[in-house]
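Take a look at the structure below.
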2 protein chains.
Amino acid sequence: MESQPSTGGSGVRTRSQHQRRKRIVQAAAALASRGGVEAMQMRTVAERAGVALGTLYRYFPSKMDLVVAVVGEEIDLLENSIERRPPGAGTPAGRAVDVLMRATRGLMREPELADALIRSLIMAEVETPFGDRMTGLLLRVSAGGLTRDEASEEQLALAGSLSSVWVHELLEMLRGRRTYDQIQRRIEIAAARLVSDL
Amino acid sequence: MESQPSTGGSGVRTRSQHQRRKRIVQAAAALASRGGVEAMQMRTVAERAGVALGTLYRYFPSKMDLVVAVVGEEIDLLENSIERRPPGAGTPAGRAVDVLMRATRGLMREPELADALIRSLIMAEVETPFGDRMTGLLLRVSAGGLTRDEASEEQLALAGSLSSVWVHELLEMLRGRRTYDQIQRRIEIAAARLVSDL
DNA sequence: ACAGATATTAGAATCTGTTCTAGTTTTGCG
DNA sequence: CGCAAAACTAGAACAGATTCTAATATCTGT
């Protein structure tokens with residue numbers, strides 16, 4: 001879990017804390033989009049963000065927490081994109097594929113970042129909202145605006161399965177074991193089975 | 001890939017090298033089955049195996065290579081178990097669930113080790129046959145002895161999808177976010193869609 | 001403005017994976 | 001046998017994540 005610096009008494013983040021946090025995440029993202037997680041060294045991040053190492057660790061108790069925050073921003077982007085331009089396909093499966101492939105293309109833009117981030121996330125002890133958010137998105141687009149709370153156990157399981165298949169295929173692609181087209185094909189096959197009738 | 005210490009000229013491993021290697025893997029497994037990968041420190045492994053740190057690194061160029069070797073032994077066990085007592089269920093999906101849940105129980109016996117195993121399975125920089133081996137196993141039991149070479153692209157995709165769903169669920173369980181029963185239920189749901197008609 | 005709490009800082013220190021060094025031992029082979 | 005290649009060893013050295021320390025700065029409530 002990410003932890004927040006506690007601000008005397010109330011749980012509210014002050015403006016300066018918020019900005020500090022933001023600067024840190026931006027510095028981290030910038031570094032990671034070059035050389036991946038390796039280039040994103042805690043000392044360097046702290047330096048670039050104009051913050052002491054100890055402070056960085058106050059905001060992000062481990063490097064993984066920082067990675068998670070960076071990934072979070074990426075997912076925000078995807079969610080916004082989906083909202084701005086919802087998938088137009090006529091079937092639930094079609095819309096799911098649409099969302100997943102759009103996410104794939106988004107991540108492909110920064111392969112170093114994507115690879116590093118996804119690996120780190122899978123490795124993470126840390127609880128990440130990553131899978132859940134993707135699952136929620138899939139439910140929303142393929143089962144007519146359904147939210148995670150309203151969904152049945154089976155619907156959750158199916159959308160979740162599709163999401164984990166996607167993550168796995170993405171990793172395979174980043175490792176050079178799949179082409180974009182192969183992923184698309186495999187996602188289509190899985191989606192047809194898993195989310196046609198949500 | 002794991003690299004082997006090259007033995008003067010020929011690529012053959014001598015008996016003493018084989019044993020040394022085995023001692024290393026055993027020491028590593030023993031340590032990992034207690035405190036997980038963290039307890040499996042390279043210095044400690046070397047010490048327990050009665051080998052210098054440099055030698056350990058000659059056999060296993062990185063900690064990950066060592067983990068992969070340990071994991072390999074575990075998968076052998078599963079394959080042997082399946083061979084000895086093939087899944088008896090009447091449907092393809094039933095047999096697939098059978099295999100996966102048996103693997104799940106096997107891994108649960110050494111959760112720390114399992115955690116390391118699954119992560120390396122997913123992460124492996126290194127080309128590991130693990131995902132493919134599991135996919136192959138699923139094809140074999142759910143599509144009447146089909147091998148990876150004979151399977152159609154779709155069959156491969158479906159068995160592979162089930163395999164990645166399983167891996168994902170297993171990880172969730174190891175992180176304490178799923179119970180055994182929840183996994184079983186989710187695997188059943190996914191298997192029904194993915195491998196009913198292989 | 002003051003007091004106490006919290007945040008921040010620079011930097012040293014610690015921990016563990018990995019690499020390097022220099023010297024010793026084992027192995028394969030003519 | 002006798003030598004060159006390869007393996008092995010103990011231990012130092014290095015790297016990057018994480019933790020610790022002591023001092024300073026900032027904030028909050030009164």
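Every chain is numbered from 1, with letters handed out A, B, ... down the list of sequences.
The CG atom of L156(B) lies 6.0 Å from the CG atom of L139(B); values are rounded to the nearest 0.5 Å.
Summarising the geometry of M134(B) relative to S163(B), their closest heavy-atom pair is CG-OG, 3.9 Å, with the distance given to 0.1 Å.
E47(B) has its CD atom 14 Å from the C1' atom of dG11(D), to the nearest Å. In this entry the distance linking CG of D65(A) with C1' of dA17(D) reads 13 Å, nearest Å.
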**Item:** Test salt bridge (charged side-chain N to carboxylate O under 4.0 Å, His left out) applied to R193(A) and D197(B), step by step
**Value:** CA-CA 11 Å; R193(A) 305 295 187 113; D197(B) 54 355; 3.1 Å; yes

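In this structure a side-chain-to-backbone donor-acceptor pair under 3.5 Å is missing from N80(B) to L77(B).
One finds no side-chain N or O of R58(B) lying less than 4.0 angstrom from the OP1 or OP2 phosphate oxygen of dA6(D).
Note on R177(A) versus D132(B): no salt bridge recorded, every NZ/NE/NH1/NH2 to OD/OE distance being 4.0 Å or above.
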**Message:** Output one letter per nucleotide in nucleotides 10-25 of chain C: B when a protein non-hydrogen atom lies under 4.0 Å from the base, S when only the sugar-phosphate is that close, - when neither is.
**Reply:** S-----BBBB------

